[in-house]
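Accompanying notes for the structure given below.
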Amino acid sequence: MKKFSEFRVGDAFHSTCSISEKELEEYLNFSRVRNAFLEDKQSGEQIVSGRAILSRMEGEFTRLSQIYGNHIVFLGTDGDPEWNNRNTRFLKPLYADQVLKLKFTISQVEEMDDEFGKIAVDYEGTDNEGETIVLSKRNIYRIKKEPPR
């Protein structure tokens with residue numbers, strides 16, 4: 001696990017994941033999302049909702065060996081000034097059981113006080129062919145400067 005003082009802008013961490021049909025159904029039941037467009041009528045494949053993708057991406061981020069064990073709290077998103085301060089773009093659909101390759105890049109490191117710092121993390125998810133499925137910029141986390149012992 002990295003300490004707050006070890007994070008640098010540009011640090012990148014990688015992971016992979018997928019969301020099964022069962023996991024997607026559990027998420028949709030929990031969130032109460034009902035959307036007719038979540039099934040691709042031509043292929044019959046289940047399209048994963050954007051919020052489910054982001055939830056899984058954040059979960060994967062918190063499980064990275066560089067992050068896991070730190071006291072972190074998601075504070076929100078500031079968005080990207082080049083996108084009129086919007087935060088996330090979904091460029092292609094993700095289907096249930098499709099592999100999503102994840103890249104997490106530290107885009108800001110900032111002091112808050114004696115106990116906590118703040119990091120901004122950009123998420124990028126691509127498919128097996130390297131085509132971008134989702135970009136999410138400036139996901140802000142408060143992180144304890146000294147991790148628990």
Side-chain angles (χ1 to χ4, degrees), residues 1-20 22-35 37-38 46-149:
M1 153 185 41
K2 290 182 126 199
K3 291 182 177 183
F4 171 75
S5 62
E6 298 173 309
F7 286 103
R8 301 287 179 264
V9 171
D11 286 353
F13 312 105
H14 301 269
S15 184
T16 59
C17 70
S18 63
I19 299 172
S20 70
K22 182 179 184 228
E23 290 171 319
L24 179 59
E25 190 60 37
E26 289 170 354
Y27 173 81
L28 294 174
N29 284 336
F30 165 76
S31 64
R32 301 181 55 86
V33 170
R34 288 291 172 245
N35 188 330
F37 296 110
L38 291 179
Q46 201 64 33
I47 297 172
V48 179
S49 75
R51 292 277 182 204
I53 295 170
L54 291 173
S55 291
R56 176 55 59 87
M57 290 176 86
E58 182 176 11
E60 293 297 321
F61 174 71
T62 65
R63 294 173 187 276
L64 292 169
S65 63
Q66 298 89 345
I67 302 299
Y68 184 74
N70 278 309
H71 286 177
I72 65 171
V73 174
F74 180 64
L75 296 178
T77 60
D78 280 350
D80 187 320
E82 293 178 17
W83 290 352
N84 293 325
N85 293 325
R86 293 183 187 105
N87 173 260
T88 302
R89 292 287 182 268
F90 296 95
L91 304 172
K92 282 183 63 175
L94 177 71
Y95 296 96
D97 298 312
Q98 183 179 4
V99 172
L100 186 62
K101 295 179 179 184
L102 306 174
K103 180 179 178 183
F104 304 99
T105 304
I106 305 297
S107 57
Q108 181 183 7
V109 178
E110 183 179 307
E111 298 281 334
M112 289 180 76
D113 56 36
D114 290 341
E115 192 174 0
F116 293 97
K118 183 166 68 171
I119 59 174
V121 183
D122 295 349
Y123 297 172
E124 180 179 351
T126 60
D127 62 17
N128 277 329
E129 289 75 43
E131 292 188 48
T132 303
I133 291 177
V134 59
L135 295 169
S136 183
K137 296 192 177 186
R138 299 193 40 73
N139 297 279
I140 309 293
Y141 293 89
R142 183 182 77 167
I143 182 169
K144 196 165 180 90
K145 288 186 177 176
E146 288 298 320
R149 301 200 191 287

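One finds the CD atom of Glu23 at 6.5 Å from the OG atom of Ser18 (value rounded to the nearest 0.5 Å). From Thr77, atom OG1 reaches atom CD1 of Ile140 across 7.5 Å, with rounding to the nearest 0.5 Å. Between Ile19 atom CD1 and Ser55 atom OG the span is 8.0 Å, to the nearest 0.5 Å. Atom CG of Leu91 is separated from atom CG of Asp127 by 11.0 Å, given to the nearest 0.5 angstrom. If you take CG on Leu94 and CG on Asp97, they are separated by 9.5 Å, rounding to the nearest 0.5 Å. Here the straight-line distance linking atom OG of Ser15 with atom CG of Leu102 works out to 5.5 Å at 0.5 Å rounding.
When all heavy atoms are compared, the tightest approach of Ala12 to Thr105 is CB-OG1, 4.1 Å. Considering every non-hydrogen atom in both Ala120 and Arg138, the closest pair reads CB-NH1, 3.8 Å. Taking each heavy atom of Ala96 and Ser20 in turn, the nearest pair found is CB-C, 4.2 Å. Nearest heavy-atom pair across Ile72 and Ile143 is CG2-CG1, 3.6 Å. Taking all atoms of both residues into account, the shortest heavy-atom contact from Phe74 to Glu58 is CB-OE2, 3.4 Å. Residues Leu24 and Ala52 come closest through the heavy atom pair CD1-CB, 4.3 Å.
The pair Lys137-Glu82 fails the salt-bridge criterion, with no side-chain N (NZ, NE, NH1 or NH2) lying under 4.0 Å from an Asp/Glu carboxylate O. A salt bridge links Glu146 with Lys3: at least one charged nitrogen is closer than 4.0 Å to a carboxylate oxygen.
The residue from Glu111, Glu6, Glu110 that alone fulfils the salt bridge (charged side-chain N to carboxylate O under 4.0 Å, His left out) condition with Lys145 is Glu111. Screening His14, Glu124, Glu60 for a side-chain contact (heavy atoms from CB on, under 4.5 Å) involving Phe104 leaves a single residue, Glu60.
The environment of Lys92 atom NZ is dense: over 12 non-hydrogen atoms of other residues, nucleotides or ligands sit within 6.0 angstrom. Taking a 6.0 Å sphere around CZ of Arg89, one finds it holds more than 12 heavy atoms contributed by other residues, nucleotides or ligands.
Side chains of Ile47 and Tyr95 form a contact here, defined as non-hydrogen atoms less than 4.5 Å apart. Between Lys2 and Asp11, some side-chain heavy-atom pair lies under the 4.5 Å cut-off. The side-chain heavy atoms of Ile67 and Phe7, taken from C-beta on, include a pair separated by under 4.5 Å. For the pair Ile133/Gln98, a side-chain contact is recorded, criterion being any heavy-atom separation below 4.5 Å from C-beta on. Thr88 is listed as a side-chain neighbour of Val134, based on a closest heavy-atom distance under 4.5 Å.
The main-chain N or O of Leu135 is never found under 3.5 Å from a side-chain atom of Asp122 such that the two would form a donor-acceptor pair. Side chain of Asn139 to main chain of Val121: a donor-acceptor pair is present (N/O by atom type, distance under 3.5 Å, no hydrogens or angles). Within the 3.5 Å criterion, the main-chain N or O of Tyr68 finds no donor-acceptor partner in the side chain of Arg63.
Between Tyr141 and Phe61, the ring-plane angle classifies as tilted under the 30° and 60° cut-offs.
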- Message: For Glu115 and Lys144: C-alpha separation, side-chain torsions, deciding distance, then whether salt bridge (charged side-chain N to carboxylate O under 4.0 Å, His left out) applies.
- Response: CA-CA 6 Å; Glu115 192 174 0; Lys144 196 165 180 90; 2.5 Å; yes
- Could you check Ser136 against Asn87 for side chain to side chain donor-acceptor pair (under 3.5 Å), going step by step and ending with a plain yes or no? CA-CA 5 Å; Ser136 183; Asn87 173 260; 3.0 Å; yes
